[in-house]
Amino acid sequence: MKVQEIAKNIYSVGVSDWNVRNFHGYLTQRGSSYNAYLIIDEKIALIDTVKAPFTEELLERVSTIVPLEKIDYVVSNHVEMDHSGAMPKVMKRCSNAIVLTSQSGEKEHKLHFDTSAWKFQVVKTGETISLGKHTLSFLMTPMVHWPDNMVTYCPEEKILFSNDAFGQHYACSEYFDDELPLDVILWEAKKYYANIVMPYSSQVGLALEAASKLDIRMIAPSHGLIWRSHIDQILASYADWSKSKAEKKAIIVYDSMYGSTEKIAYAIRNAFEDKGYVYKFFDLKSNHHSDVITECLDAEYICVGSPTLNKNILPSVAAMMTYIQGLITKGKKGVLFGSYGWAPQNIKIMQRFFDESSINLVASYNFNFIPQPADLEFVTKDLEDRI
Ligand code: FEO
């Protein structure tokens, strides 16, 4: 079993999850990985673990380098089960290890597992632990992506073990960001940010500010590839995303029963096209909400359409709206559209989701049964006047 040395006496010992396609509602087309790292020194530290089904694979990898009972510390940067599911077995087999974690991390571990036999040492920002030639320095990053999150920095090697931050759901046999096409890695990092981190953008800003004081030559996240050649690009992308920086870009997303809502979607498309916007066009029959939200991350406008169905909206659009409501918290402009037979509730229902996300409604268009050519011309012209 291959174990990759990423710096002298620092190993990547995590696993790839090639076949995962649903990560709590997020379509992970390229699978994922749960990265863990091992530092060999006078004291030995394992940084993060893996999802429970991959426990034996992790332990087998670690065992190729060092007997498990020789591990002194298990650093738990984050308790979410993709990084801590293996903890019960890891702590049993690494019988001499102390868990280094945040205050919330200790509490969350106790809520997840029987920790009665575990030894905890709570760490805070600025605290350090010497392993010998290597030091572990801790920085709390709450809400990136749970209250317990922290990152661990090794100043001698200038490696930031960033856990969820800067991650990508990407299963691959490569380890580093210069071994695969950068546009694909950045796309997966963007999708990860939009689907996991976006609601906590203000906390990301604070974490970036703290991280900017560190001299970093490698960012080793707990998902996907390690950043060693494109650190500036990923840091700049995170800075833009955390500030909700919008491009001149519109998202048009809808589902349609008999084509009326779709006709309005095209009329809206025409307005943005005429105004020189980049636009992305999604029929929810063919597109997944997690791909749509990725494009929303840097968009100025989000336009959503549904007909009325049974005094409500189409289930696909309701799922999209729920996702938007959970992830988008500020800074977007919105357009709503659709058609109805005898109950024009669709717009009102969709507007509630926009209001919850503080999306500023710029225009709405709703037509009885089938919009006529004059109606569609009106939509395009009216919207052009408003954007
Ligand atoms: Fe990769 Fe928030 O866990």
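Source: prediction; values computed, not measured.
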[X] and [Y]: side-chain donor and acceptor closer than 3.5 Å?
{"X": "Asp164", "Y": "Asn149", "value": "no"}
{"X": "His112", "Y": "Ser84", "value": "no"}
{"X": "His134", "Y": "Asp41", "value": "yes"}

For [X], what residues pass the salt bridge (Lys or Arg N to Asp or Glu O under 4.0 Å) criterion, not counting sequence neighbours?
{"X": "Asp215", "answer": "Lys158"}
{"X": "Asp240", "answer": "Lys245"}
{"X": "Asp382", "answer": "Arg386"}

(request) Go through the structure and list residues passing side chain to side chain contact (heavy atoms under 4.5 Å, CB included) with Asp283, not counting sequence neighbours. (result) Tyr254, Asp255, Glu262, Lys285
(request) Report the relative orientation of the aromatic rings in Phe54 and Tyr34; use parallel for angles under 30°, tilted for 30 to 60°, perpendicular for over 60°. (result) tilted
(message) Can you tell me how the ring of His78 sits relative to the ring of Trp146, calling it parallel under 30°, perpendicular over 60° and tilted otherwise?
(response) perpendicular
[X]: which residues meet the side chain to side chain donor-acceptor pair (under 3.5 Å) condition with it, sequence neighbours left out?
{"X": "Asn22", "result": "none"}
{"X": "Asn270", "result": "none"}
{"X": "Gln121", "result": "none"}
{"X": "Thr152", "result": "Asn77"}

Please list all pairs passing the ring pair (Phe, Tyr, Trp, His ring centres under 6.0 Å) test where one or both residues lie in [range], with sequence neighbours left out.
{"range": "residues 298-329", "result": "Phe272-Tyr301, Tyr277-Tyr301, His289-Tyr323"}
{"range": "residues 157-198", "result": "Phe23-His169, Tyr26-His169, Tyr37-Phe161, Phe166-Tyr238, His169-Tyr192, His169-His223, Tyr192-His223, Tyr193-Tyr238, Tyr193-Trp241"}
{"range": "residues 341-373", "result": "none"}

(message) Do Ile324 and Val304 make a side-chain contact, defined as non-hydrogen atoms from C-beta onward lying under 4.5 Å apart?
(response) yes
(request) Sequence neighbours left out, what pairs pass salt bridge (Lys or Arg N to Asp or Glu O under 4.0 Å) with at least one residue falling in residues 297-309? (result) Lys190-Asp298, Lys249-Asp298, Glu300-Lys333
